[in-house]
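Presented below is the structure to which this report refers.
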Amino acid sequence: MAQQDNPKQGSSKGGGGGGKGAAPAPKTAITPTRADDYAEWYQQVIRAADLAESSPVRGCMVIKPWGWAIWENIQRSLDRMFKDTGHKNAYFPLFIPKSFLEKEAEHVEGFAKECAIVTHHRLIAGPNGGLIPDPNARLEEPLVVRPTSETIIGEAFRGWVQSYRDLPLLINQWANVVRWEMRTRLFLRTTEFLWQEGHTVHATENEAVEETLRMLDVYATFAEKFMAMPVLSGPKTESERFPGAVATYAIEAMMQDRKALQAGTSHFLGQNFARASNIRFQSKEEKEELAWTTSWGVSTRLVGGIVMTHSDDDGLILPPRLAPAHVVILPVFRGDDTKQKVMDYIASLAKELRALRYEDERVEVEVDARDIRGGDKQWEWVKKGAPIRLEIGPRDVDGNVVMVARRDRGTKDKVSMSRAELVEKLPAILAEMQQGLYDKARAYRDEHTRVIRSKDELFDFFSTKDDAKQITGGFALAHFSCDPKLETELKEKLKLTVRNIPQSGFESAPWADAVKEPGPCILSGAPTEQRVILARSY
RNA sequence: CGGGGCGUAGCGCAGCCUGGUAGCGCACUCGGUUCGGGACCGAGGAGUCGGAGGUUCAAAUCCUCUCGCCCCGACCA
């Protein structure tokens, strides 16, 4: 059904201010729409949902309460999964002595270009009234602000590991890291970002590989069950590998502009970092051996993934399992006489709803009693993506009913429900919404994933006609030999990269059978064992 | 870091070319009428014109430098 609402906010491209010719009234709460300008739409959704804003510090964002609450939910859910797989949390320093970073050759090369460095520990008055680093307070050895913590954690682990009895060592840290990226985007790529990084040490190669895959699987499960975001799991090619890793695995999701988002990585580090940090242990056979390590992480980028997977032209849509509030109650009343009656009713309903369980968590209820216009309030929560909105006024109180609106339905699509029915059905409704979001995202991804059989087909799939902003392409499933030279060619000509070599996440997709088929590389003709995913990415 | 665009009230913008010391819409505050809803009328508050230097009697407007944002590229979670 067509939306007739008249948004008050959002950027208008044409027109200009000063009361000049107004642009035609947009019909969506977010301007522009996804189809018109996806990148700008993304920015506007974040702003309209009040998730975050940019800060005075280059590339760094301020995460606002609603955005932070989503991250907290991500943290809580993932943390439980880490604990359930035997991991413990710990915390390591923000600063890494420069020399530590230099211990692993590939690692240095990979991160050297994007490190923030601390060289002094004191400021003094400068010539122009400002502050300058005190030349007498120069650090003997500069400290790097961690871009990732393998080296500093490895240093600690060396002391923690002596015997095979100390293994496996399964540690996770929730932290911030800094990577001086050239180009930043809220949540997707910021100079400072928040993440968790798991670091584990094992006695055998097998165990370490198992751990790497286990955590990749934890990520895939989290993405699918909590974020309602379908992902394809599998190893990366050599060129996309984490600096210093033997193998990197990733989960890859398709956003609504059909670009891929790397949503989580798990690295098998072999003995490279153990060697660099000298992590050795005595085996049962009384031999001194070099350990095997892994590392794995997901970041605040996941919030960007949620935005781009589910949201529509009216704003954010949150999967219920990660929504800071499952239910938002919007009181409707006029004078003080009806207010008390309505608020009392709402208080008792909120209490009853909070006692419910959804996915083994408390149902979170927010009562928005702010004294602002009902319509504005309604739209605010639409844009913030709250799963359920309940409208309750005097008439509802009298009839013991509530008006229920779902974020996955039209904004005007409200149904009246008895209080008892709501209480009884709420968990099921949330579950249905969660599943619905997943199914929809899954259908979108599967629809825009194409089995590609030739170079021409590939170029055709990703060809752009006239408007550079139009959404085209998707995931190309193709036989590709993963030769770095050929990868460069695809990157230069089509901006494509091999996202991964999918191992799971595609069961029951219409093209599932094509994935594991062997065949000749569409560029070189060399034989390959299975198809890979080629896509443009964030 | 290269190319392009841009920073003027919370948000979106006009003013800059042709210097004279700030304006519009929405938001905000108050009053009223409305109101199961993204209203309407009236009154009002709010701006270091990103920052620093310079030219000038006078700078949002001209010049230099700088910081930040957005888009495209290279780099990447």
Side-chain angles (χ1 to χ4, degrees), chain A residues 3-20 22-23 25 29 31 37-40 42-44 47-48 53-61 110-114 128-130 147-148 177-197 219 236 240 242-243 248 250-252 261-267 296-305 314 330-335 338 342 372-383 391-396 402-403 405 411-412 414 416 468-469 491-492 495 497 537-538:
Chain A
Q3 272 242 349
Q4 295 303 321
D5 306 295
N6 209 4
K8 300 237 175 125
Q9 290 179 336
S11 73
S12 60
K13 290 258 148 181
K20 288 184 184 173
T31 317
D37 186 344
Y38 195 83
E40 181 62 19
Y42 174 76
Q43 301 279 132
Q44 295 300 333
R47 194 152 61 115
E53 60 192 24
S54 59
S55 74
V57 186
R58 178 200 190 90
C60 296
M61 63 177 168
F111 286 105
K113 289 170 290 187
E114 50 186 40
N128 300 317
T148 179
V177 289
V178 166
R179 296 182 188 175
W180 216 265
E181 301 289 353
M182 293 297 106
R183 191 174 156 200
T184 59
R185 302 189 68 186
L186 290 178
F187 288 112
L188 298 176
R189 181 172 299 101
T190 45
T191 302
E192 176 192 23
F193 58 96
L194 305 180
W195 75 345
Q196 58 68 217
E197 45 182 328
Y219 288 155
K236 289 280 194 182
E240 297 274 322
F242 176 75
T248 287
I251 53 172
E252 297 280 338
L261 182 76
Q262 179 172 304
T265 49
S266 187
H267 314 291
W296 27 275
V298 300
S299 71
T300 32
R301 165 177 270 197
L302 292 182
V303 177
D314 284 328
L330 308 163
V332 178
F333 50 77
R334 207 161 308 170
T338 51
V342 170
I372 60 173
R373 290 192 57 76
D376 294 335
K377 203 186 276 190
Q378 190 89 244
W379 278 103
E380 204 175 288
W381 288 106
V382 168
K383 289 185 283 193
E391 209 173 280
I392 301 175
R395 292 210 295 272
D396 305 300
V402 293
M403 288 297 282
T411 48
K412 304 282 186 191
K414 302 171 190 173
S416 180
K469 278 182 175 157
K491 191 160 189 178
E492 284 174 359
K495 294 189 271 186
T497 48
S537 73
Y538 279 97

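Because the structure is predicted, anything quoted here is derived from the model rather than measured.
- In this view, Ser299(A) satisfies the side-chain hydrogen bond (donor to acceptor under 3.5 Å, both in side chains) rule with no residue, not counting sequence neighbours.
- In this structure, Glu181(A) has no side-chain hydrogen bond (donor to acceptor under 3.5 Å, both in side chains) partners at least two apart in sequence or on a different chain.
- Although no hydrogens or angles enter the test, the distance criterion places no donor-acceptor pair under 3.5 Å between the side chain of Arg58(A) and the main chain of Thr191(A).
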Considering only nitrogen or oxygen atoms on both sides, find all protein atoms under 3.5 Å from nucleotides 65-69 of chain B and state each distance.
| unit_1 | atom_1 | unit_2 | atom_2 | d |
| --- | --- | --- | --- | --- |
| G68(B) | OP2 | Arg58(A) | NH1 | 3.2 |
| C69(B) | OP1 | Gly59(A) | N | 2.5 |

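- Closest to the Ser299(A) side chain, of the nucleotides A77(B), A74(B), C76(B), is A77(B).
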For nucleotides 28-32 of chain B, list the nitrogen or oxygen atoms of the protein found under 3.5 Å from its nitrogen or oxygen atoms, one pair per line.
none

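- The side chain of Lys383(A) has G38(B) as its nearest neighbour among G36(B), G38(B), C76(B).
- Closest to the side chain of Ala29(A), from the set A77(B), G38(B), A74(B), is G38(B).
- Take Arg185(A) and apply the side-chain contact (heavy atoms from CB on, under 4.5 Å) test, not counting sequence neighbours, and it matches Ala39(A), Tyr42(A), Leu188(A), Tyr538(A).
- Ranking A77(B), C1(B), G36(B) by closeness to the Pro394(A) side chain, first place goes to G36(B).
- In this model, the phosphate group of C71(B) is approached by a side-chain N or O of Arg185(A) to a distance below 4.0 Å at OP1 or OP2.
- The nucleotide whose nearest atom lies closest to any side-chain atom of Arg373(A) is, among C71(B), A77(B), G38(B), G38(B).
- At the phosphate of C75(B), neither OP1 nor OP2 sits under 4.0 Å from any side-chain N or O atom of Lys495(A).
- Annotation: salt bridge (Lys or Arg N to Asp or Glu O under 4.0 Å) contacts of Glu114(A) (sequence neighbours excluded): none.
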